[in-house]
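This report concerns only the one structure given below.
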Amino acid sequence: MARRVSMADVAAAAGVSAQTVSRVVNASPRVDPATRASVEATMAELGYRMHRAARALRTGRTDTIGLVVSTLATVGNSRMLQAIADAAAARGFALTVVTASGRDAVADAFERLHDQGIDGAVVLNEATALARGLDLPEGLAVVVVDAPPDGASATTGTVQTDHAAGARAATAHLLAAGAASVHHLAGPVGSFAAAERERGWREALAGAGVPAPEIVRGDWTAASGHAAVAALPEAMTALFAANDQMALGALRALAEAGRQVPADVAVVGFDDVEDAADYRPPLTTLRQDFDALGAAAVASLVSLIGGDTVAPVVLTPQLVVRASA
């Protein structure tokens, strides 16, 4: 077997001391940026791999973070998992994922992750509501993605999309296109994102002096969007769906009912999933930058792990106008 590349090998090849390589490996600020870049390039060239167990003994850190999520079945959660995994890997952190669908399960997830020696955890979307009010293991840094801002503390950070702003933009777009009113296909009860998108829709209608119609509710799936259309009035001319998957189901149901989009009913979704431009018709939607959300969550967590405080991060989604509205 080939001998494992050591820090001494990297030091010799980079023309620096072993202590300098050690500082680079341990993310010490006491390294000139140009020297750091040279050492990191040499590490990549030689295939140097950090020995996590040895480093954990030296530093008390495992360079492993956890992700607590209620389900990976939804498109948004799976996209966030990929974004967080990519951001963690770019910073040299391993990722441990735990799914937990109930409050007790979330509490157990924190304990299991803490027992495994993780340095911190990201809590994603629906799991944030389950985590609220729990006593976290002492010293565990946590970042919650999509949670009310009052969830922040000295060891907790928040990262979220401004869902309400996106919903206001979607509703305003439909009203500006001539809709007398806008119906809403909402997400499930208990979801912060769903509640915020509903709030933004209501605010936009109120600002235009338009009464809010009764909502119908789905569970983020295309099937629930398809089923929900039957509960909407036939006179409906504009629909804001709380995510693209439910919008996809609604598009199929409208087509089956002989209603054309956007001539009879204009439809706007939320997320801008990878296939949204290939829906029939291509879907007008709000683009969430999942990569930026994942990067912000990991960056905040790494700062908390390092003992720094972090400010809440709020990203604004962008309206992408296509053929459906």
Side-chain angles (χ1 to χ4, degrees), residues 24-29 31 33 36-37 39-41 43-44 48-50 52 55-56 59 61-100 109-110 113-114 116-128 131 136 140-147 149 151-152 155-163 192-193 271-274 286-318:
V24 171
V25 169
N26 289 287
S28 170
V31 181
R36 182 185 303 278
V39 171
E40 288 176 343
M43 291 165 63
Y48 173 80
R49 290 188 302 157
M50 181 173 53
R52 293 184 181 276
R55 182 176 176 185
T59 66
R61 285 174 43 179
T62 61
D63 285 345
T64 301
I65 61 175
L67 175 66
V68 180
V69 59
S70 60
T71 177
L72 292 172
T74 64
V75 173
N77 283 358
S78 61
R79 287 281 301 275
M80 280 301 299
L81 168 61
Q82 185 64 59
I84 290 169
D86 290 344
R91 289 176 173 267
F93 282 79
L95 182 67
T96 298
V97 180
V98 179
T99 56
F110 280 127
L113 290 171
H114 188 252
Q116 293 174 23
I118 65 164
D119 299 324
V122 176
V123 188
L124 194 58
N125 297 347
E126 292 85 357
T128 63
L136 299 178
L140 181 67
V142 172
V143 169
V144 291
V145 178
D146 279 349
T155 57
T156 305
T158 60
V159 174
Q160 64 174 280
T161 293
D162 192 340
H163 303 282
F192 173 75
D271 283 339
D272 195 27
V273 298
E274 185 175 355
L286 275 300
R287 176 176 294 157
Q288 282 205 88
D289 191 336
F290 291 104
D291 290 337
L293 281 168
V298 172
S300 293
L301 187 59
V302 170
S303 293
L304 288 170
I305 291 169
D308 297 328
T309 57
V310 295
V313 177
V314 181
L315 303 179
T316 303
Q318 302 300 312

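Values in this document were obtained by computation on a predicted structure and should not be read as measured data.
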**Least distance between heavy atoms, A109 atom then A100 atom** = CB-CB, 4.4 Å
**Item:** Contacts of R91 that satisfy side chain to side chain donor-acceptor pair (under 3.5 Å) - sequence neighbours left out
**Value:** none
**Prompt:** Got a second to check how far F290's CZ is from N77's CG, nearest 0.5 Å?
**Reply:** 9.0 Å
**Item:** Result of checking T74, V123, V97, L81 against V69 for side chain to side chain contact (heavy atoms under 4.5 Å, CB included)
**Value:** V97
**Asked** Is there side-chain contact between H163 and D146, with at least one heavy-atom pair below 4.5 Å?
**Response** yes
**Item:** side chain to side chain contact (heavy atoms under 4.5 Å, CB included) against S78, all qualifying residues, sequence neighbours excluded
**Value:** none
**Message:** With heavy-atom distances below 4.5 Å as the criterion, would you say the side chains of T156 and L304 are in contact?
**Reply:** no
**Request:** Could you pull out all residues at least two apart from A292 that satisfy side chain to side chain contact (heavy atoms under 4.5 Å, CB included)?
**Result:** D289, L315
**Complete:** residues 290-307 vs side-chain hydrogen bond (donor to acceptor under 3.5 Å, both in side chains), sequence neighbours excluded, gives none
**Prompt:** Where the side chain of Q288 meets the backbone of L286, is there a donor-acceptor pair that is under 3.5 Å apart?
**Reply:** no
**Message:** For D86, give me all partners under side chain to side chain donor-acceptor pair (under 3.5 Å), at least two apart in sequence or on another chain.
**Reply:** Q82
**Message:** So T99 and T71, do their side chains get closer than 4.5 Å, heavy atoms only?
**Reply:** no
**Prompt:** Near R287 CZ, under 6.0 Å, is it more than 12 heavy atoms from other residues, nucleotides or ligands?
**Reply:** no
**Heavy-atom pair of closest approach, residues A83 and G294** = CB-CA, 4.0 Å
**Item:** With A296 via side chain to side chain contact (heavy atoms under 4.5 Å, CB included) - residues at least two apart
**Value:** V159, V313
**Asked** Taking all atoms of both residues into account, what is the closest heavy-atom pair of A87 and V298, and its distance?
**Response** CB-CG2, 3.7 Å
**Asked** Got a sec, which residues hit side chain to side chain contact (heavy atoms under 4.5 Å, CB included) with V314, two or more places apart in sequence or on another chain?
**Response** Q160, D162
**Prompt:** Given side chains that start at C-beta, do those of F93 and D119 come closer than 4.5 Å, heavy atoms only?
**Reply:** yes
**Asked** Does any non-hydrogen side-chain atom of I84 lie less than 4.5 Å from one of L95?
**Response** yes
**Item:** Option among V68, L293, V145 that satisfies the side chain to side chain contact (heavy atoms under 4.5 Å, CB included) test with L124
**Value:** V145
**Fill in**
Scanning both residues in full, the closest heavy-atom pair of G120 with I305 reads N-CD1, 4.0 Å
**Request:** Report yes if the side chains of M43 and V24 come closer than 4.5 Å at any heavy-atom pair, otherwise no.
**Result:** yes
**Item:** Check: V144 and T158 side chains under 4.5 Å, non-hydrogen atoms
**Value:** yes
**Message:** If you compare all heavy atoms of P317 against all heavy atoms of T161, which two are closest, and at what distance to 0.1 Å?
**Reply:** CD-CG2, 3.7 Å
